[in-house]
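All remarks here apply to the structure that follows.
Predicted model only: the values in this text are computed from it and were never measured. All chains are named by letter (A, B, ...) in the order of the sequence lines, taking the proteins before the strands, and each is independently numbered beginning at 1.
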Protein chains: 2
Amino acid sequence: MSRVTISDVATAAGVSKTAVSFAFNNPERLGHATLERVLGVAEDLGYTPHPAARALSMRRSGTIGVLIPQRLSTVFANPFVSELIQGLGEQCEEHDLTLLLVPPLDGSLEGAIRQASVDGFISIGLSPNDRALEVLDRIGIPTVLVDSDGSPGHPAINIDDEGGAHEAARHLLQLGHRQVAILVLPPAREQVNSTPTATRRLAGYRRALDGAGAPEPVAVVAGISVAAGARAFESLPKGKRRPTAVLAMSDMAAIGVMSAAQASGLRVPEDLSVVGFDDVPASAWTNPPLTTVRQPIVEKGRLAARLLIQRMKGATVESPPPLSTSLVVRKSTSRLINSDLRNKGR
Amino acid sequence: MSRVTISDVATAAGVSKTAVSFAFNNPERLGHATLERVLGVAEDLGYTPHPAARALSMRRSGTIGVLIPQRLSTVFANPFVSELIQGLGEQCEEHDLTLLLVPPLDGSLEGAIRQASVDGFISIGLSPNDRALEVLDRIGIPTVLVDSDGSPGHPAINIDDEGGAHEAARHLLQLGHRQVAILVLPPAREQVNSTPTATRRLAGYRRALDGAGAPEPVAVVAGISVAAGARAFESLPKGKRRPTAVLAMSDMAAIGVMSAAQASGLRVPEDLSVVGFDDVPASAWTNPPLTTVRQPIVEKGRLAARLLIQRMKGATVESPPPLSTSLVVRKSTSRLINSDLRNKGR
DNA sequence: CCGCTTTAGTAAAGCGGTTTAGGGGCGATC
DNA sequence: GATCGCCCCTAAACCGCTTTACTAAAGCGG
């Protein structure tokens, strides 16, 4: 009762394996009568070509891999990936491709890469000196990087992280904030120090804050989860050096900060302004709705997939210019109410 | 400059292909000296076994497929899947498996199933008479159903939809609501009328509402997206028959209803109570925080994967009892303030 | 009726691995 | 000194499909 193979169909229909193969992949090479017969027999027997055999023979598997830098449970806690997959998926469906999620197996992303039977890879947030990249071009699978630094061999899709971050920080400055805390993105993988994305955003924040009469901002590393954001809030300085605003690099972390702040009795934005990064859909429904830097995530996925598919067809493609970001001002930021001044006024 | 194959390594190391294969899969069958040498040469040449060839030969691909009933862009708009994947992923990583997302290709889920080189399938929300199921057991790939009706051949993971729904409806009744609208889940796939899940939840709502002195509830089909929820709100009866509460079958739809209601000047929960279903993380941060029926989504994924892996090992497994749900009362529901009574009081 | 092009179908060689059955060498056993 | 067993290693079959020749028959103009 094992699987029906092409030979079974061939003998049942009284033709060669070749004929059966042609019936499916090259129907015009068969006479009308035999074509019908073969297809009929195949249907009756419930024949389905074995995907692995097909992939081996055709040198193409019809799937593209998504390199997930961390455990699925941590990465999928951030709606960012969901959005990205929506973009990737749209293109995949259009080109009859399926999507393979490739997280580190047994702690090793390299190992997982080798195992994966794919025609191309999309990597998320890989740092440019990650060893996984070596493996990738050693086995010569076309790859498109998302949120990394591009290299000659690998086109990269990026957004204007620096600009977006700069705009966010300036927004806070304009509202009068000077005591600002930065929630830094954690490294995508254990080995590296920090993602290119985090580096660029930090640079953007700094460029705005430096020389704006603001004291050196406190920087706290926070994961991209709500819980991590909440923990980060707890570790913020209290008392005199308490920040009046926080820049979060991820909406999830920002939401965590808001929750924790509110739980501790602070009001957002009156006592603490919070700005996120990404503009995931949930940011619009939070309480208060989150001020954040919008990036076109779905579009990013779409673009990445499109480029990868081109590469898979043999084209050489360049990294496109960074996608632009925009500040979405909602209700989680407000003008600083200087409590010191108010106190003096009494 | 094509790929390095096992033969390349074999000749370079002066051994047979078998020896190279053993070096990787059966190292104890080789002498220490040759083992080292082969491994060394392989490393130098950058050899990586071809996954498809391996899969063909070993009859196992090391990946499990997730059958997505609709386009990725619509399915991944609901955090439910993200949560589910977290659960699936945890088990996959533990067993060195990768996860293949299989949406309908060219409109056909059956076709996509055939293409997929996987060792097992997890299906989401398939109705028991879906043609995809036939294909599945014709090619004899072990499958575990999530949110479907189980059948002898296919174990199914479910929650107590009926009970959860009943509890939600009773909650509204206890708060005094009688004019209740139900947002019905749309069918998972075009062909079928409605998912088993939707049917069971509806039954739960009905059992509570029937004979509770409530008029026949209005039922509106709403997608699982926020936008669909908003649209559903618009199509609710106005005026005298305006519902004072809505039961949503999905948190996303519930959030859509809240937004739309608030946008139209209604207050939640004072003017309209809303209850969701699922308790996705975002429900806790909405404004107001959403009252909803909690189901253990991550656990569901974990369990499904665990069962599937057992099946893949040859064990026959039964459908486990439905996972239990619980009502999480937050701030989107409140006691009915009967405006008619209030008017009379004047 | 003959040579030439199409047409319809096939045999066999891959694709790149794994695995079974077995062979050569060599020290230990009797 | 023949025999046995053990340790290493290999030849060859196989996994299930695609594809490149190639052949036999049919069609066709002259």
Practice task
Work out which heavy atom in A:P142 is nearest to a heavy atom in A:R311; give both atom names and the distance.
Solution key: CB-CB, 4.1 Å

Problem - Non-hydrogen atoms of A:P128 and A:D149 that approach each other most closely - result: CG-OD2, 3.7 Å

Problem - Rounded interatomic separation in angstrom, taking CZ from A:R29 and P from D:dT19 - result: 11 Å

Problem - Donor on one side chain, acceptor on other, B:S127 and B:N129, under 3.5 Å - result: yes

Completion exercise
B:F22 atom CZ is separated from D:dT10 atom C1', nearest whole Å, by 9 Å

Handout entry: Minimum-distance pair of heavy atoms, taken over all atoms of A:A53 and B:L56
Key = CB-CD1, 3.7 Å

Completion exercise
In short, B:V102 meets B:A116 closest at the heavy-atom pair CG2-CB, 4.1 Å

Practice task
Test for a donor-acceptor pair under 3.5 Å between the base of C:dA8 and the side chain of A:T34, counting only N and O atoms.
Solution key: no

Fill in the blank from the handout: Rounded to whole Å, CZ of B:R60 lies from P of D:dG16 at a distance of 17 Å

Handout entry: Shortest non-hydrogen separation from B:F24 to B:A42 and the atoms involved
Key = CZ-CB, 3.8 Å

Practice task
Taking Watson-Crick and G-U wobble pairs with both distances under 3.5 Å, convert DNA chain D into its dot-bracket string, 5' to 3', dots for unpaired and | for cross-strand pairs.
Solution key: ||||||||||||||||||||||||||||||

Handout entry: Whole-Å distance separating the CD atom of B:E36 from the C1' atom of D:dC8
Key = 16 Å

Handout entry: Ion pair A:R59/A:D119, N-O distance below 4.0 Å
Key = no

Problem - A:D8/A:R3 salt bridge by N-O under 4.0 Å criterion - result: no

Fill in the blank from the handout: Between NE2 of A:H32 and P of C:dG9 the distance, given in whole Å, is 12 Å

Fill in the blank from the handout: To the nearest angstrom, the CD-P distance between B:E28 and D:dC6 comes to 17 Å

Under 3.5 Å, which N/O atoms of the protein pair with N/O atoms of nucleotides 15-17 of chain C?
from, atom 1, to, atom 2, distance (Å)
C:dG17, OP1, B:H50, N, 3.3
C:dG17, OP2, B:I6, N, 2.6
C:dG17, O5', B:Y47, OH, 2.8
C:dG17, O5', B:H50, N, 3.4
C:dG17, N7, B:K17, NZ, 3.3
C:dG17, O6, B:K17, NZ, 3.2
C:dG17, N2, B:S57, OG, 3.3

Practice task
Quickly work out the B:F24 CZ to C:dT18 C1' distance and round it to whole Å.
Solution key: 14 Å

Exercise for the section: Carefully, step by step, assess B:K313 and B:Q310 under the rule side-chain contact (heavy atoms from CB on, under 4.5 Å). Expected result: CA-CA 5 Å; B:K313 286 182 184 161; B:Q310 283 180 27; 5.7 Å; no

Practice task
Describe the nucleic acid contact of B:V20 in one word from base, sugar-phosphate, nothing, applying a heavy-atom distance below 4.0 Å.
Solution key: nothing

